[in-house]
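First the structure, in the form of structure tokens, and then the observations on it.
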Amino acid sequence: AVLLGLVGGTDTGEAALPAKFEEAGCSFQKVPALEGAHSVTQPDGTSKRWNTDPPTTGPHYGIAAIFGIYDEELQLARVVHNLEHGGIFIFYGEDVPDATVAQLEAFYDDHKTGTIMAPLDRLGDEFALGAWVVDGDTDNGFLAKCTQFDEDTVSAFLRALQFRGPERFDPADLQPGH
């Protein structure tokens, strides 16, 4: 096996993510970040500028969602604000099997800090992971969509991208209920 991203010891593993997700049968997008203005004036508003679906960067509502796990869809303009603070979202579609949702919930239980999980029906049979990273020469939104849960692949996304948003918050402030 070839080990990627170990030179210098500072790489988060970000460069290896596209191949890792492709190998797991998932899609993976890395798009230029949009300006994070608090220009969405209603919590359930949207922005025509969002360049991923679900959105990972850009205009958003001024108040973030409370970190946690939900059984109803969230207001995406609030969740983008969570990503701005270094959070990660896990959304799952209405046709994702219950067994996969249970795997995602168990994963969430071990990764609650800085993670928000909720259904997003329009994803169909896919679940999505999203992050906003501004770090060094990286200023991007990241979105992965999968139909099968692979713990190693999902863990790699969080390890590489979580807590690297444009507005850094101490992970202690990104606990469920906050």
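For the atom pair D110 CG and S155 OG, the distance stands at 9.0 Å (nearest 0.5 Å). Separation of atoms CG (L143) and CD (Q29) is listed at 5.0 Å; rounding is to 0.5 Å. The CG atom of L104 lies 12.5 Å from the CZ atom of F91; values are rounded to the nearest 0.5 Å. Note that CD of E126 is 5.5 Å distant from OG of S27, once rounded to the nearest 0.5 Å. The CZ atom of F142 sits 13.0 Å away from atom CH2 of W132, with the distance rounded to the nearest 0.5 Å. Here the OG1-NZ distance, from T52 to K30, works out to 14.5 Å after rounding to the nearest 0.5 Å.
For the pair P54 and K145, the minimum side-chain heavy-atom distance is below 4.5 Å.
The heavy-atom pair separating N140 from P32 by the smallest distance is OD1-CA, 3.6 Å. When all heavy atoms are compared, the tightest approach of A131 to L161 is CB-CB, 3.8 Å. Nearest heavy atoms, F163 versus G114: CE2-CA, 4.0 Å. Of all non-hydrogen atoms in T56 and G141, the two that sit nearest each other are OG1-CA, 3.5 Å. S47 and P59 make their closest contact through OG-CG, 3.4 Å (heavy atoms, listed as atom of the first residue, atom of the second, distance). Annotation for Y92 and V101: closest pair CD1-CG2, 3.6 Å, computed over non-hydrogen atoms.
Hydrophobic clustering (side-chain heavy atoms under 4.5 Å, transitive across Ile, Leu, Val, Met, Phe, Trp, Tyr) keeps L129 apart from L74. No continuous path of hydrophobic side-chain contacts links L123 to V154 [ILVMFWY only; heavy atoms under 4.5 Å]. When the side chains of ILVMFWY residues are joined at heavy-atom separations under 4.5 Å, either directly or via intervening members, F157 and V96 end up in a single hydrophobic cluster. A continuous path of Ile, Leu, Val, Met, Phe, Trp and Tyr side chains, each step under 4.5 Å between heavy atoms, connects F127 with L158, placing both in one hydrophobic cluster.
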Donor-acceptor list for residues 168-178 side chains, cut-off 3.5 Å, not counting sequence neighbours:
unit_1: R168; atom_1: NE; unit_2: G165; atom_2: O; d: 2.7
unit_1: R168; atom_1: NH2; unit_2: V134; atom_2: O; d: 2.6
unit_1: R168; atom_1: NH2; unit_2: R164; atom_2: O; d: 3.4
unit_1: D170; atom_1: OD1; unit_2: A172; atom_2: N; d: 2.7
unit_1: Q175; atom_1: OE1; unit_2: T113; atom_2: OG1; d: 3.2
unit_1: Q175; atom_1: NE2; unit_2: T113; atom_2: OG1; d: 3.1
unit_1: Q175; atom_1: NE2; unit_2: P171; atom_2: O; d: 3.2

Can you give each donor-acceptor pair under 3.5 Å made by side-chain atoms of residues 80-88, sequence neighbours left out, with the distance rounded to 0.1 Å?
unit_1: H81; atom_1: ND1; unit_2: Y61; atom_2: O; d: 2.8
unit_1: H81; atom_1: ND1; unit_2: G62; atom_2: O; d: 3.4
unit_1: H81; atom_1: NE2; unit_2: H85; atom_2: NE2; d: 3.0
unit_1: N82; atom_1: OD1; unit_2: A65; atom_2: N; d: 2.9
unit_1: N82; atom_1: ND2; unit_2: A65; atom_2: O; d: 2.8
unit_1: E84; atom_1: OE1; unit_2: H60; atom_2: NE2; d: 2.8
unit_1: H85; atom_1: NE2; unit_2: E167; atom_2: OE1; d: 3.4

The test is side-chain contact (heavy atoms from CB on, under 4.5 Å); show your working for V40 and T46 and say whether it passes. CA-CA 7 Å; V40 178; T46 62; over 6 Å; no
Should E94 and R122 be marked as a salt bridge (Lys or Arg N to Asp or Glu O under 4.0 Å) after you check the CA-CA gap, both sets of side-chain angles, and the distance that decides it? CA-CA 7 Å; E94 63 184 339; R122 72 172 182 254; over 6 Å; no
Please evaluate residues L120 and F89 with respect to the criterion side-chain contact (heavy atoms from CB on, under 4.5 Å), reporting the C-alpha separation (whole Å), side-chain torsions for both, the decisive distance (0.1 Å), and the verdict. CA-CA 11 Å; L120 185 61; F89 67 63; over 6 Å; no
Please test F21 against F28 for ring-ring contact (aromatic ring centres under 6.0 Å, His included), starting from the C-alpha separation and ending with a verdict. CA-CA 6 Å; F21 275 85; F28 186 86; 5.5 Å; yes
Quick one: do Y70 and M117 satisfy side-chain contact (heavy atoms from CB on, under 4.5 Å)? Show the steps, please. CA-CA 6 Å; Y70 294 82; M117 181 176 166; over 6 Å; no
Go through it in stages, so that I can follow the logic: the residues are I90 and T115, the test is side-chain contact (heavy atoms from CB on, under 4.5 Å), and I'd like the CA-CA distance, side-chain angles, deciding distance and then a yes or no. CA-CA 7 Å; I90 302 172; T115 306; 3.8 Å; yes
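Between K20 and D152, at least one side-chain N (NZ, or NE/NH1/NH2) sits under 4.0 Å from a carboxylate O, which counts as a salt bridge.
At most 12 non-hydrogen atoms from other residues, nucleotides or ligands lie less than 6.0 angstrom from CG of D98.
At least one donor-acceptor pair closer than 3.5 Å links the side chain of T57 to the backbone N or O of L34. Judged by distance alone, with hydrogens and angles left aside, the side-chain atoms of D150 form a donor-acceptor pair with the main-chain N or O of T153 at under 3.5 Å.
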